[in-house]
Amino acid sequence: MSPTLTRRRTVAAAALSAALLAGLTACGGDDKPAASGTGSAAPSASAAPQANLTVLAASSLTDVFKAAGEAYQKSHPGTKVTFSFAGSQELAAQVKQGAPADALVTADTKTMDGLKAETGDPKIIAKNRLVIAAGKGNPFKIDDLKDLADTKVKVVLAAPEVPVGRYSKQILDAQKIEVKPVSQEPNVRAVLSKVELGEADAGLVYKTDSAKSGDKVVTVEIPDDQNAVASYPAATLKQSKNAEAAAAFVAWLSTPEAQKILQDAGFQQP
């Protein structure tokens, strides 16, 4: 082989080796930035769950939960909370029928306990007490439970299957007071409305509901030893499609922020 040909082959081999080395170096450089980019794009583990939540809640929570929902949405951007209010027994029926919802708050533990197969573990978030709501000006001068037995007084109560109706029966029976209501309503708001409109002279309602009526009714306190305590349990629904976000909302109801809203509205600490 001639010296010239040998030199040409040596130069070609050197050039090929240099090209291969450059290619390998370039590939290694591409891999490193790609891995770094993937890591920076990963979502934060602390990111709050976002969802459109539907919460079934007892009618006595109507006003306070509207305020609580606004506060929650403000501190949890991207989450919208929609409430559906009704008597607890109606809410229970909706849950058993598979209504699309994410969380449930009832006005008694008995209703919630009957839904163990459909809910997560409930937690008491607030308590309430009963009062007598008398018509504007309290023309019959009602000042205690015994006055409700007067046949001249048109009394309206919630139906016995409704939590507030059950509590009403409980305290009246304990005092051996017989009341014949002119009507039995499906929830506490309906009882209060009858009194506000003058369709009834008095009714048994929650203290928080009567307080919202202003001068439309006269609130008559019931002594603790004659009263009943209503407990409000909250739980997630197993049928929820937003389990993480629903759990976050239910947990929030026990935070200082939520508790202040509830207590400012007259609810008692759980």
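Scope of the values below: all heavy atoms of this structure, side chains included, with no hydrogens, waters or symmetry mates.
Listed for the S231 side chain is no donor-acceptor partner under 3.5 Å among the backbone atoms of I124. Looking only at distances, a side-chain donor or acceptor of N138 sits under 3.5 Å from a matching main-chain atom of I142. Remark: the backbone N or O of G98 is not paired with any side-chain donor or acceptor of E118 at under 3.5 angstrom. Between the side chain of Q73 and the main chain of V81, a donor-acceptor pair closer than 3.5 Å is present. Distance alone, capped at 3.5 Å, places no donor-acceptor pair between the N187 side chain and the A86 backbone. Side-chain atoms of T255 come within 3.5 Å of backbone atoms of W252 as a donor-acceptor pair (strictly under, hydrogens ignored). At distances below 3.5 Å, at least one donor-acceptor pair connects side-chain atoms of Q259 with backbone N or O atoms of L253.
Going from atom CD of E199 over to atom OG of S183 covers 8.5 Å, rounded to the nearest 0.5 Å. In this structure, the separation between OG1 on T62 and CG on D209 is 7.5 Å, given to the nearest 0.5 Å. Rounding to the nearest 0.5 angstrom, the gap separating the CD1 atom in I125 from the CG atom in L262 is 5.5 Å. Remark: N242 CG to N52 CG distance equals 7.5 Å, nearest 0.5 Å. With rounding to the nearest 0.5 Å, the separation of CG in L91 from CG in L56 is 5.5 Å. In this structure, E244 CD and T236 OG1 are separated by 12.0 Å, a value rounded to the nearest 0.5 Å.
Shortest non-hydrogen contact noted between Y206 and A230 is CE2-CB, 3.6 Å. Heavy-atom minimum distance, I261 versus A68: CD1-CA, 4.0 Å. Contact record, N227 with L130: ND2-O, 3.0 Å, taken as the closest heavy-atom pair. Taking both residues in full, the closest heavy atoms of M112 and T119 are given as SD-CG2, 4.1 Å, listed atom of the first, atom of the second, then distance. Closest approach of A92 to T111, counting heavy atoms only: CB-CG2, 3.8 Å. Nearest heavy-atom pair across V191 and L157 is CG2-C, 3.6 Å.
Within a 6.0 Å sphere centred on NZ of K238, heavy atoms belonging to other residues, nucleotides or ligands number more than 12. Heavy atoms from other residues, nucleotides or ligands lying under 6.0 Å from CG of D121 number 12 at most.
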**Asked** Going through the distances and angles, do S84 and Q94 end up as a side-chain contact (heavy atoms from CB on, under 4.5 Å)?
**Response** CA-CA 11 Å; S84 177; Q94 292 175 29; 4.3 Å; yes
**Item:** Stepwise side-chain contact (heavy atoms from CB on, under 4.5 Å) test for E185 and V156
**Value:** CA-CA 8 Å; E185 303 300 320; V156 61; 3.7 Å; yes
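R129 has its side chain within reach of Q268: a pair of non-hydrogen atoms, C-beta onward, lies under 4.5 Å apart. Side-chain atoms of T208 and V64, non-hydrogen and from C-beta on, never get closer than 4.5 Å to each other. A heavy-atom distance below 4.5 Å is not found between the side chains of V205 and V164. Here the side chains of Q226 and I171 are not in contact, with every heavy-atom distance at 4.5 Å or above. Under the 4.5 Å side-chain criterion, counting only non-hydrogen atoms from C-beta, P163 is in contact with Q89.
Partners of K207 under the side chain to side chain contact (heavy atoms under 4.5 Å, CB included) rule, at least two apart in sequence or in another chain, are N128, V131, E221. Under the side-chain hydrogen bond (donor to acceptor under 3.5 Å, both in side chains) criterion, E70 pairs with no residue at all, not counting sequence neighbours. Taking E196 as the reference, L192, S213, K216, V217 meet the side chain to side chain contact (heavy atoms under 4.5 Å, CB included) condition, with sequence neighbours excluded. Contacts of D201 classified as side-chain hydrogen bond (donor to acceptor under 3.5 Å, both in side chains), with partners at least two apart in sequence or in another chain: none.
In terms of hydrophobic clustering, with Ile, Leu, Val, Met, Phe, Trp and Tyr side chains grouped at heavy-atom distances under 4.5 Å, L61 and L115 are assigned to different clusters. A single hydrophobic cluster is seen to contain both V162 and V179, as judged by linkage of ILVMFWY side chains at heavy-atom distances under 4.5 Å, directly or through other members. Follow the hydrophobic side-chain contacts under 4.5 Å out from Y167 and you reach F267 in the same cluster. Under a hydrophobic clustering in which Ile, Leu, Val, Met, Phe, Trp and Tyr are joined whenever their side-chain heavy atoms come within less than 4.5 Å, directly or via other members, L204 and F140 fall into the same cluster. Under the 4.5 Å side-chain heavy-atom criterion for ILVMFWY residues, a single connected hydrophobic cluster contains both V220 and V188.
Pairs engaging residues 248-265 under the salt bridge (charged side-chain N to carboxylate O under 4.0 Å, His left out) rule: K260-D264 [sequence neighbours left out]. Identified under the ring-ring contact (aromatic ring centres under 6.0 Å, His included) test for residues 94-138, with sequence neighbours left out: none.
Using the six-membered ring where Trp is involved, F85 and F65 have ring planes that are tilted, between 30° and 60° apart.
By the 4.0 Å N-to-carboxylate-O rule, R189 lies close enough to D63 to be salt-bridged with it.
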